[in-house]
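For reference, positions follow the sequence shown, starting with 1.
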Amino acid sequence: QVQLVESGGGLVQAGGSLRLSCVASGRTFSSYTMGWFRQAPGKEREFVAAINRSGGTTYYADSVKGRFTISRNNAKNTVYLQMNSLKPEDTAVYYCAAANLGWGTSKQNKYDFWGQGIQVTVSS
C-alpha cells in the first residue's frame with residue numbers, strides 16, 4: 001500500500017507560479033511511476049504530467065507543456081509539479097498518483113494509488 005499526500009496548493013494570480021509536492025509513504029517509492037492529474041469544476045479528471053521511476057523520462061499534456069515541470073526525489077519519497085505562467089484555466093483540484101509501472105502513462109486506470117487532492121485556484 002502507498003499513501004500519497006499533496007501540499008503546496010493555494011490561490012495565485014494569473015502569470016504566477018506554484019510548486020506542488022506529493023510525499024509517499026509505504027512501499028518503495030522508487031518502484032512507482034508517478035503522475036499528476038487535475039479535475040476542474042464540472043469536468044472530468046485529466047492527465048497533467050508523469051515521470052518514470054528513475055526520473056529520466058517525463059510526459060506532459062499539451063495544455064501544460066512548456067509551463068509545468070514534473071520532477072522527483074527518490075531519496076525524499078517526493079514528486080513535485082512546478083507550475084509557471086499559470087492561467088485561470090489551470091484552476092482545478094490536483095491529484096498525485098502512483099503506478100506500478102516502469103514507464104510513464106497518461107491513462108488513469110493504470111494508476112494504483114491516489115492522493116486526496118489539493119486545490120489550485122488561479123485568479124484573472
Q: Transitive ILVMFWY cluster of V5 at side-chain heavy atoms under 4.5 Å: who else is in it?
A: none
Q: Taking S30 for its side chain and N74 for its backbone only, find out whether a donor-acceptor pair lies under 3.5 Å.
A: no
Q: Measure across V122 and T91 and return the closest heavy-atom pair with its distance rounded to 0.1 Å.
A: N-OG1, 2.9 Å
Q: Taking the side chain as everything from C-beta on, heavy atoms only, tell me whether Y80 gets closer than 4.5 Å to N73.
A: yes
Q: Quick check: do Q119 and L11 have side-chain heavy atoms less than 4.5 Å from each other?
A: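 Counting from C-beta outward, Q119 and L11 never come under 4.5 Å.
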Q: Just wondering, do Q108 and Y95 contact through their side chains at under 4.5 Å, heavy atoms?
A: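 No; the side chains remain at least 4.5 Å from each other.
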Q: Is there a donor-acceptor pair under 3.5 Å between the side chain of D112 and the backbone N or O of N100?
A: yes
Q: Evaluate F37 against Y111 for ring pair (Phe, Tyr, Trp, His ring centres under 6.0 Å), listing each step before the verdict.
A: CA-CA 11 Å; F37 294 79; Y111 287 83; 5.0 Å; yes
Q: Considering non-hydrogen atoms only, spot the tightest contact between M34 and C96 and give its length.
A: CE-SG, 3.6 Å
Q: In the single-linkage hydrophobic clustering (I, L, V, M, F, W, Y; side-chain heavy atoms under 4.5 Å), do V48 and W114 co-cluster?
A: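 Different hydrophobic clusters.
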Q: Quick check: closest heavy atoms across Q82 and S17, and the distance to 0.1 Å?
A: NE2-CB, 4.0 Å
Q: Considering all heavy atoms of both residues, which atom of L4 and which atom of F113 are nearest to each other, and what is their separation?
A: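 The pair with the smallest heavy-atom distance is CD1-O, 3.5 Å.
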Q: Crowded around K65 NZ? As in, over 12 foreign heavy atoms under 6.0 Å?
A: yes
Q: What are the two closest non-hydrogen atoms of K43 and Q39, and how far apart are they?
A: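 Heavy atoms of K43 and Q39 come nearest at O-NE2, 3.1 Å.
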Q: With rounding to the nearest 0.5 angstrom, report the SG to CG distance, C22 to N77.
A: 10.0 Å
Q: Using the side-chain contact (heavy atoms from CB on, under 4.5 Å) definition, which of the options T57, T69, I70 pairs with I51?
A: I70
Q: Indicate if F29 and V2 have the same hydrophobic cluster label, given that clusters are the connected sets of ILVMFWY residues with side-chain heavy-atom separations under 4.5 angstrom.
A: yes
Q: OH/Y60 to CZ/F47 distance, rounded to the nearest 0.5 angstrom?
A: 9.0 Å
Q: Between Y94 and F68, what is the ring plane arrangement, given parallel below 30°, perpendicular above 60°, and tilted in between?
A: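 Taking F68 first and then Y94, their aromatic rings sit tilted (interplane angle of 30° to 60°).
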Q: Is there side-chain contact between M83 and L20, with at least one heavy-atom pair below 4.5 Å?
A: yes
Q: Of the non-hydrogen atoms in T33 and W103, which two are nearest, and what is the gap between them?
A: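 The answer is OG1-O, 2.9 Å.
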Q: Between atom CD of Q13 and atom OG of S124, what is the distance when rounded to the nearest 0.5 Å?
A: 9.5 Å
Q: Taking R72 for its side chain and G55 for its backbone only, find out whether a donor-acceptor pair lies under 3.5 Å.
A: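 Side chain of R72 to backbone of G55, a donor-acceptor pair under 3.5 Å: no, none is there.
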Q: Does a side-chain heavy-atom distance below 4.5 Å link L81 with R38?
A: no
